[in-house]
Amino acid sequence: MKEEEVNRCQIQEWYPRFKSDSIKTMIHELPESFIEYLIDDHGPFLLPLSIDDNDALPNRIHKPEEEEDFEVSEGSEDESEQPSPPPSFPELEMKIKESIKALGGSIFPKLNWSAPKDAAWISSTGNLCCNSFSEVAILLRASDSLVHDLCHVYDSCSDKTVSRPPKFFLALRKWYSSLHPEMEFRCFVRNGILLGVSQREVTGFYPALVEKKDELITIIQRFFIYKVKGNFESESYTFDIYVTNDDRVKLLDFNPWGAFTLPLLFTWEELEVDSNEEGDYLEFRLVESQCGVRPGLRTAVPYDYLDTSPGSGWDEFLKKADEELGQQIRSPQAGA
């Protein structure tokens, strides 16, 4: 994998070209001071001061009876240890506030490559829906997976020359409460050929998907041929899509081939072998029974950032799950 292939998958790079086939998004360049705030893990967890009291979340619960615990007498040697005031980003806050309003009042945030999925637990709604700058800030600040974007995105590149991009961007994407997670799919393109599609949500079994499988294959192939193929520069990559109730396709994301991109119901070994075979056969994998569900992936860490390196616990778990899935595919009546 090359640096340029990773760079092409940044949302600020691909979104302008595919805007008409994606979900409405507004993108802002982030000041370096905000990046330093996100990666600072030495101080306390503080939210930025808001310029709008109606938007602000409390930085600390105020308890008058405890004030004396924090009092420092004049001249005390502890004066230098007084906590720093919370940061403030008024210009960025105003831009985000205006964008949220323009996008209908609710959005979900994403940096150049990643969304803070692992921080959904800290949200009052349990998801990535944000209605204010403070809610965006707390998700970004609480996310460990965004460290990938901030510090490690080029680690798998054979021609690595830098540790981070020169600029970071915040994408605010319109929130749709009616979206069904089972209708999101990851598509695998190798040497310009769409050779595999996997269900994106692998922790549940959805019988309606199995019934619609052939129709979905046709819909996705058509979208690739007429919308994606030839319009994205890389030869090998993955892209994520959402299929609406009326069978329209919305492009959600691009990811590099291999490395930190997970193959979901495939393995990279399978995809590499398939890409070397002649023909235009497209394999579409779904969780086709309750036995194929991967419940162990219901963790606070998003599936794309689990440690699946050789020898890890998740590596062994996924190997066993893949073996079981393979047996189901070869013997569909075995579990009947």
Requested in this report: Working to the nearest 0.5 Å, report the span between NZ of Lys95 and CD of Glu29.
Outcome: 8.0 Å

Requested in this report: Please check if the side chain of Glu272 supplies one atom and the backbone of Trp268 the other of a donor-acceptor pair under 3.5 Å.
Outcome: no

**Report entry** Within 6.0 Å of NZ in Lys160, more than 12 heavy atoms from elsewhere
**Finding:** yes

Query raised in the report: Which distance, rounded to the nearest 0.5 Å, do you find between the CD1 of Ile138 and the OG of Ser132?
Result: 9.5 Å

Query raised in the report: Does a donor on one side chain sit under 3.5 Å from an acceptor on the other, for Glu233 and Trp14?
Result: no

Query - Residue Lys227 excluded, over 12 heavy atoms near NZ under 6.0 Å - result: no

**Report entry** Note, Phe232 side chain near Leu251 side chain (heavy atom, < 4.5 Å)
**Finding:** no

Query - Phe133 and Phe89 aromatic centres sub-6.0 Å - result: no

Query raised in the report: Taking the six-membered ring where the residue is Trp, are the ring centres of Phe185 and Phe284 under 6.0 Å apart?
Result: yes

Query - Main-chain N/O of Thr25 paired with Tyr15 side-chain donor or acceptor, under 3.5 Å - result: yes

Query raised in the report: Heavy-atom count around Asp159 CG within 6.0 Å, excluding the residue itself: above 12?
Result: yes

Query raised in the report: Between Gln199 and Val287, is there a donor-acceptor pair closer than 3.5 Å when you use the side chain of the first and the backbone of the second?
Result: yes

Query raised in the report: Is a donor on one side and an acceptor on the other found under 3.5 Å between the side chain of Asn112 and the backbone of Gln10?
Result: no

Report task. Without swapping roles, check the side chain of Trp113 against the backbone of Val6 for a donor-acceptor pair under 3.5 Å. Result -> yes

Report summary line: From the list Ile241, Thr261, Leu265, side-chain contact (heavy atoms from CB on, under 4.5 Å) partner of Arg186 resolves to Thr261

Query raised in the report: For the side chain of Tyr242 and the backbone of Arg248, is there at least one donor-acceptor N/O pair under 3.5 Å apart?
Result: no

Query - Atom pair CG (Leu111) and NE2 (His148), whose distance is rounded to the nearest 0.5 Å - result: 11.5 Å

**Report entry** Gap between atom CZ of Arg173 and atom CD1 of Ile23 - 0.5 Å precision
**Finding:** 4.0 Å

Query raised in the report: Glu93 side chain to Ile51 main-chain N or O, any donor-acceptor pair under 3.5 Å?
Result: yes

**Report entry** Matching residue for Cys157 among Lys2, Glu5, Glu3, Glu4 - test: side-chain contact (heavy atoms from CB on, under 4.5 Å)
**Finding:** Glu3

**Report entry** Aromatic ring proximity Phe266/Phe188, centre distance under 6.0 Å
**Finding:** yes

Query - Lys NZ or Arg CZ of Lys174 over Tyr176 ring: under 6.0 Å, within 45° - result: yes

Report task. Could you tell me whether the side chain of Asp118 and the main chain of Asp144 form a donor-acceptor pair under 3.5 Å? Result -> yes

Query - Flag if over 12 foreign heavy atoms under 6.0 Å of NZ, Lys19 - result: no

Query - Side-chain heavy-atom pair Ile35, Leu150 within 4.5 angstrom cut-off - result: yes

Requested in this report: Step by step, work out the salt bridge (Lys or Arg N to Asp or Glu O under 4.0 Å) result for Asp247 and Lys212.
Outcome: CA-CA 11 Å; Asp247 296 336; Lys212 198 177 181 180; 2.9 Å; yes

Report task. Report the distance from atom CG of Leu282 to atom CD of Gln221, rounding to the nearest 0.5 Å. Result -> 5.0 Å

Requested in this report: Any chance you could measure Tyr206, atom OH, to Glu211, atom CD, to the nearest 0.5 Å?
Outcome: 15.0 Å

Query raised in the report: Are the side chain of Asp149 and the backbone N or O of Ser114 linked by a donor-acceptor pair below 3.5 Å?
Result: yes

Query - Any donor-acceptor pair under 3.5 Å from Ser236 side chain to Asn191 backbone - result: yes

